[in-house]
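A note on names: the letters A, B, ... follow the listed sequences, proteins ahead of strands, and every chain is numbered from 1. The model shown is predicted, which means the values in this text are computed figures rather than measured ones.
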Amino acid sequence: MQPLVRVIGIGSPFAEDQIGWLVSDALRQSDILQPYLGEQLQIIQSDRPGVTLLSEMEGAERVILIDAAFSDEGESRLQYLTVDEVINTQSQVSSHGFGVQQALALGRSLGQLPGEVIIIAIVMAGPMAANLLEDSDNHIPGDMLEMVEQTVLGCLTR
Amino acid sequence: MTEHREVSIRVPVLARVEGEGALDIDIRDNKISALRLKIFEPPRLFEKFLEGRGYSEVPDIVARICGICPVAYQMSAVHAIESIFNCRPGQWVRDMRRLMYCGEWIESHSLHIHLLAAPDFLGFNSVIEMAADYPGEVRRGLKLQTLGNEIIKFLGARSVHPVGVCVGGFYHAPDRKRAKALLEKLREALPDARALVRWTASLDLPDDRQKFVSVALRHPDEYPMNEGRLASDTGLDLAVADFEQRFQEQQAPHSTALHCHFDGSPYLVGPLARLNLNRDCLPDEVQTIMAETAIQWPSDNMYNSVVARAVEIYYAILEAVRLLENYQPASNPFVEVQPKAGTGYGCTEAPRGILWHRYELDDKGHVVSARIVPPTSQNQARIEEDLGASLLAYGLDNDDAAMRLRAETVIRNYDPCISCATHFLDLRVKRS
């Protein structure tokens with residue numbers, strides 16, 4: 001039986017922090033991923049999950065977390081991170097002081113993380129952030145979305 | 001009917017600043033000469049946001065005041081507004097609102113006990129460290145928190161800022177199949193809840209008894225959640241509408257927060273106060289397990305709050321089971337209301353204590369003014385009083401780092417929204 005892959009778009013209703021939700025919405029519409037939706041692939045959205053991220057990951061063998069990241073430097077881009085990289089990162093924004101970083105660290109401590117966790121940080125800088133504020137229907141660069149799509153497909157077909 | 005408006009409010013992403021608190025202490029001749037605690041208070045901004053809004057928007061707006069206790073804000077709001085409209089939603093709505101509150105108590109208390117309080121008492125800096133030595137206990141706590149969130153989702157569609165609550169009832173009645181599935185999970189959780197009470201009671205809690213006044217709702221027939229009169233262990237028996245006669249807020253000069261006093265003095269709200277005043281309303285199973293602990297109830301030791309929360313989790317699960325056992329979905333989950341002008345009051349028991357709302361509406365049901373007094377601000381004066389006594393007892397000759405940790409532990413007993421960060425306290429000590 002193929003392992004269950006779950007994509008979790010993490011975000012909130014606030015401005016650029018919606019990007020995880022918007023990407024997961026776009027993935028649900030993807031022609032490439034449509035055949036897998038259901039038993040092999042689940043795509044969900046999570047609103048500032050905090051520690052409940054652990055229960056949202058439960059039951060899936062491979063999890064892809066998609067979340068916003070912000071930068072004053074460089075271009076907008078995707079950044080692929082491992083659990084260790086996220087746990088050891090110095091700065092993050094979270095609600096009530098318990099965010100993705102802490103949830104992953106707790107999951108690691110409890111031995112409760114899925115077999116594979118991929119974190120995709122959508123780093124928004126300059127024009128992308130402004131575009132998102134202006135027009136939420138045309139917000140994600142096509143090449144970025146394609147890369148995320150391929151990552152999900154890779155998890156499904158390995 | 002609320003007129004249609006298009007409103008666009010963009011809020012940039014920020015770290016939640018209620019994670020900050022500041023404490024200034026002046027020590028002179030080994031005595032505390034001044035102590036000032038500052039806590040950020042989001043509800044104050046919401047009182048202005050609400051002006052001009054339609055009554056039907058209020059539950060969804062106030063739910064956003066707090067991510068951990070949105071249900072409490074919604075409940076106090078709808079009760080206040082329904083009192084203006086002379087609306088009686090009926091027994092099904094009453095029961096389901098109580099069920100939803102059970103969910104919030106379970107998730108909020110579980111989060112507090114395991115992520116915030118227990119690491120203090122077991123000598124860990126965080127639950128992440130604690131999980132390595134207490135994995136079973138942490139997993140149990142996370143399971144209970146998830147269960148609480150599932151109850152909220154059952155009626156509110158989601159646990160973060162749920163959307164099911166409306167003035168008059170609920171937008172939707174869940175079906176029996178979902179109720180049955182939830183009931184089964186609740187029954188399965190009872191052994192965990194009992195074990196949690198015993199575990200919290202076994203923690204090595206400081207023995208720090210102080211004199212304070214407990215204030216909570218009191219109801220003739222039930223452990224209070226949504227309804228009751230205001231009561232204290234000094235004999236208070238007051239209608240919710242008369243709150244302002246005995247409870248006064250004033251601006252503390254050192255803080256953005258308003259301090260609330262009861263007849264001019266600090267007071268305690270929250271699980272310990274509720275339990276102190278309402279233990280007789282608890283079912284036998286809960287009273288029996290409380291009697292097994294070595295704690296003398298009513299308790300004057302704030303450190304027993306962690307046990308009080310565990311007791312309330314057990315009670316809330318039992319109550320949720322009771323409410324779901326014969327569940328039937330209502331064909332009309334809400335009653336229609338006719339807006340009219342007036343002033344209404346609502347006071348319900350948030351996980352952290354009584355949450356009091358007052359609304360003045362115009363004849364179209366738009367908010368003219370709103371006043372929200374959250375439990376965290378009601379406890380601020382008591383927290384300052386406690387800090388003074390606790391730090392004195394702890395020893396003012398301890399270094400600042402040790403004093404900060406002690407102060408954070410004292411504050412965490414009250415489970416204010418600021419206690420989410422492990423080190424939230426900016427402590428400034430001036431010694432002379």
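Here A/E58 contributes atom CD and B/L142 contributes atom CG; the two are 9.5 Å apart, rounded to the nearest 0.5 Å. Atom CE of residue B/M130 and atom CG of residue A/L110 lie 9.5 Å apart, to the nearest 0.5 angstrom. In this structure, CZ in A/R108 is found 11.5 Å from CD1 in B/I128, a value given to the nearest 0.5 Å. Interatomic distance, NE2 of B/H114 versus CG of A/L106, reported as 11.5 Å (0.5 Å rounding).
Residue B/A132 comes nearest to A/S109 through the heavy atom pair N-OG, 3.4 Å, listed as atom of the first residue, atom of the second, then distance.
For CD of B/E184, the number of neighbouring non-hydrogen atoms (other residues, nucleotides, ligands) closer than 6.0 Å is 12 at most.
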### side-chain contact (heavy atoms from CB on, under 4.5 Å) between B/H161 and A/R48, worked out
CA-CA 11 Å; B/H161 308 319; A/R48 291 158 285 177; 3.2 Å; yes
